[in-house]
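First up is the structure itself, then whatever we jot down about it.
Just the heavy atoms: all of them, side chains too, but no hydrogens, waters or symmetry mates, feed the values below. Counting from 1, the numbers follow the sequence of the chain as shown.
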Amino acid sequence: MRVGILGTGAIAQKHALAYCNIGYQVVACTNRDVAKGRRFAQEHEAEFVPTVEALCRHPDLDYIDVCTLPEYRLPVVELCAATGKHVLVQKPMATRAEIACEMIRIAHEARIQLGVVSQHRFDDSTLFLRKALAEGRLGKLLQADAYVKWYRSPEYYSRPVKGSWAGEGGGALINQAIHQADLLLHLAGPVVEVCGYRQLGALHPIESEDIISAVLRYSSGATGVIQASTAFWPGYPERVELHGTKGSASISGDRLSAWNVLEDHGEPAPVDAEVSSGASDPMAISTLPFERQFLDFGEACRTGRRPLVSGIDGYRALQLICGIYQSCAENRIVSIPDYSLELLDRCPQLQDLSRPI
């Protein structure tokens with residue numbers, strides 16, 4: 001596959017390395033900072049183009065990889081729809097659910113793929129747990145929790161856009177813990193109610209939260225907790241914990257760190273204490289799950305099937321985040337509607353979200 005990268009910051013470097021490892025070619029890139037963009041292009045033997053429009057019109061690209069801040073998503077999808085380019089966006093897919101819905105509608109009508117980077121679905125630990133839950137090895141799920149107790153330095157928030165509602169959509173929850181929110185939905189199923197509390201700028205001089213906690217109720221009847229922070233020095237590996245009637249399991253960072261199940265059977269659990277985590281360094285993460293997701297997205301572009309993490313999956317995670325923010329702001333329990341019904345209510349054109357492109 002031939003890829004164009006929009007935005008050439010730290011995460012773009014990670015993506016470029018993953019593309020190199022799987023044999024995809026980074027053909028072109030662009031950045032508002034021309035000097036940074038040209039350095040990235042030279043480093044990865046790509047062509048630097050001066051504008052987003054030129055990148056989306058580039059004749060030798062299969063898809064555009066959007067590595068910008070989340071405030072800049074919809075215009076790129078509109079350009080890709082006009083030029084017939086598939087588009088993969090970094091998490092979160094947008095700052096607001098209504099923008100995400102519009103992105104899905106545009107891609108759907110233009111018959112282009114829209115994917116959202118959620119690489120932790122492709123960790124060995126997640127793949128094992130997803131299969132184990134389907135096989136009933138944990139029994140009935142009772143509790144599903146996520147803890148993202150990270151630390152970010154003052155330098156991380158030195159740019160005014162960082163931690164802003166307009167530029168990033170919020171703070172620790174939407175930018176750091178959205179991966180774990182997605183994993184809870186992926187492993188435990190839909191959330192139907194949330195109740196949250198937050199601290200705005202508890203440690204950092206930002207307008208959004210750097211500490212937040214929420215209680216969740218799943219459609220299955222299970223309950224859960226999600227905690228997120230960038231204020232807890234020195235930062236600890238993120239955890240997802242699942243508790244069922246037959247036992248418990250825990251993911252720390254990207255590894256399965258605990259598997260305690262009564263009368264267990266089946267594939268041996270890949271328990272491993274060596275973890276990769278962005279707890280204090282955002283780039284201290286493996287490229288392998290990125291490689292797996294990019295291979296899946298490329299195959300979806302080639303065949304027309306939905307990618308394993310589509311715009312709809314990105315919408316579900318964002319919908320949960322927005323529900324928690326609403327609960328914090330209004331100091332009440334908030335119901336989370338069925339995502340498919342909410343999408344149809346916002347965009348009636350999305351009648352058949354499951355069809356291939």
Side-chain angles (χ1 to χ4, degrees), residues 97 118 120-149 172-174 176-198 212-229 237-267 269 271 308-309 312-328 332-343:
S118 190
H120 288 297
R121 287 197 185 196
F122 297 84
D123 290 337
D124 287 337
S125 54
T126 306
L127 296 172
F128 170 81
L129 270 184
R130 173 88 167 173
K131 183 172 181 287
L133 286 165
E135 294 171 348
R137 290 171 68 176
L138 287 181
K140 179 184 177 183
L141 195 62
L142 303 174
Q143 182 86 7
D145 307 318
Y147 305 97
V148 186
K149 297 184 176 184
L173 182 62
I174 195 170
Q176 277 74 34
I178 194 166
H179 282 298
Q180 284 64 46
D182 176 70
L183 288 185
L184 290 178
L185 294 170
H186 186 55
L187 295 171
V191 171
V192 294
E193 281 186 349
V194 297
C195 181
Y197 297 92
R198 67 189 178 190
I212 193 167
S213 299
V215 176
L216 318 176
R217 185 167 68 86
Y218 296 88
S219 62
S220 66
T223 50
V225 170
I226 183 167
Q227 296 181 331
S229 177
E238 65 278 14
R239 304 192 322 275
V240 171
E241 298 180 356
L242 302 175
H243 305 279
T245 54
K246 294 182 179 179
S248 300
S250 178
I251 295 174
S252 297
D254 60 354
R255 306 297 173 91
L256 186 71
S257 56
W259 177 260
N260 303 105
V261 179
L262 294 168
E263 300 177 359
D264 191 29
H265 62 278
E267 176 188 356
V271 177
L308 292 178
V309 189
I312 295 168
D313 299 296
Y315 180 90
R316 292 182 66 201
L318 182 61
Q319 179 197 43
L320 174 57
I321 298 299
C322 292
I324 295 172
Y325 281 154
Q326 182 183 357
S327 174
C328 293
R332 67 179 180 89
I333 295 173
V334 167
S335 296
I336 308 295
D338 181 288
Y339 74 93
S340 59
L341 296 178
E342 185 174 62
L343 278 172

Is the closest side-chain heavy-atom distance between K149 and Q227 below 4.5 Å? yes
Does the side chain of Y218 come within less than 4.5 Å of L185's, by heavy atoms? no
Heavy-atom closest pair, residues Y315 and A97: CE1-O, 3.4 Å
Looking at every heavy atom in both L141 and A222, which two are closest together, and how far apart are they? O-CB, 3.5 Å
Return yes if some donor-acceptor pair links the side-chain N/O of S248 with the main-chain N/O of N260 below 3.5 Å, else return no. no
Tightest non-hydrogen contact, residues Y197 and C328, listed as N-SG, 3.5 Å
Do L216 and I324 make a side-chain contact, defined as non-hydrogen atoms from C-beta onward lying under 4.5 Å apart? yes
With rounding to the nearest 0.5 Å, note down the distance linking CD1 in I321 to CD1 in I226. 5.5 Å
So does D182 get a backbone contact from the side chain of R316, meaning a donor-acceptor N/O pair under 3.5 Å? no
In Å and rounded to the nearest 0.5 Å, what is the CG to CZ distance from D124 to R255? 7.5 Å
Inter-residue atom distance Q143.CD - T223.OG1, 0.5 Å rounding: 3.5 Å
Within the 3.5 Å criterion, strictly below it, is a donor on D123 or S125 matched to an acceptor on the partner's side chain? no
Check step by step if side-chain contact (heavy atoms from CB on, under 4.5 Å) holds for L129 and L183. CA-CA 11 Å; L129 270 184; L183 288 185; over 6 Å; no
Test item: S327 side-chain N/O and R332 main-chain N/O as donor-acceptor pair under 3.5 Å: yes
Interatomic distance, H243 atom NE2 to S250 atom OG [nearest 0.5 angstrom]: 7.5 Å
What pair of heavy atoms forms the shortest contact from Y325 to I174, and how long is it? OH-N, 3.4 Å
Quick one: pull up CD in Q180 and CD in E241 and give me the separation to the nearest 0.5 Å. 12.0 Å
Which heavy-atom pair separates L127 from F122 by the least distance, and what is that distance? CD1-O, 3.7 Å
Are the side chains of R121 and L308 in touch, meaning some heavy atoms are under 4.5 Å apart? no
Measuring from atom CD of E267 to atom CD of E135, what distance do you get when rounded to the nearest 0.5 angstrom? 7.5 Å
With a 4.5 Å cut-off on side-chain heavy atoms, are D145 and R239 touching? no
On a heavy-atom basis, which atom in S257 and which in V271 lie closest, and how many Å separate them? O-CG1, 3.7 Å
Is the shortest side-chain heavy-atom distance between L184 and V191 below 4.5 Å? no
Side chain to side chain contact (heavy atoms under 4.5 Å, CB included) with Q319: of I336, D338, L343, only one passes, and it is I336
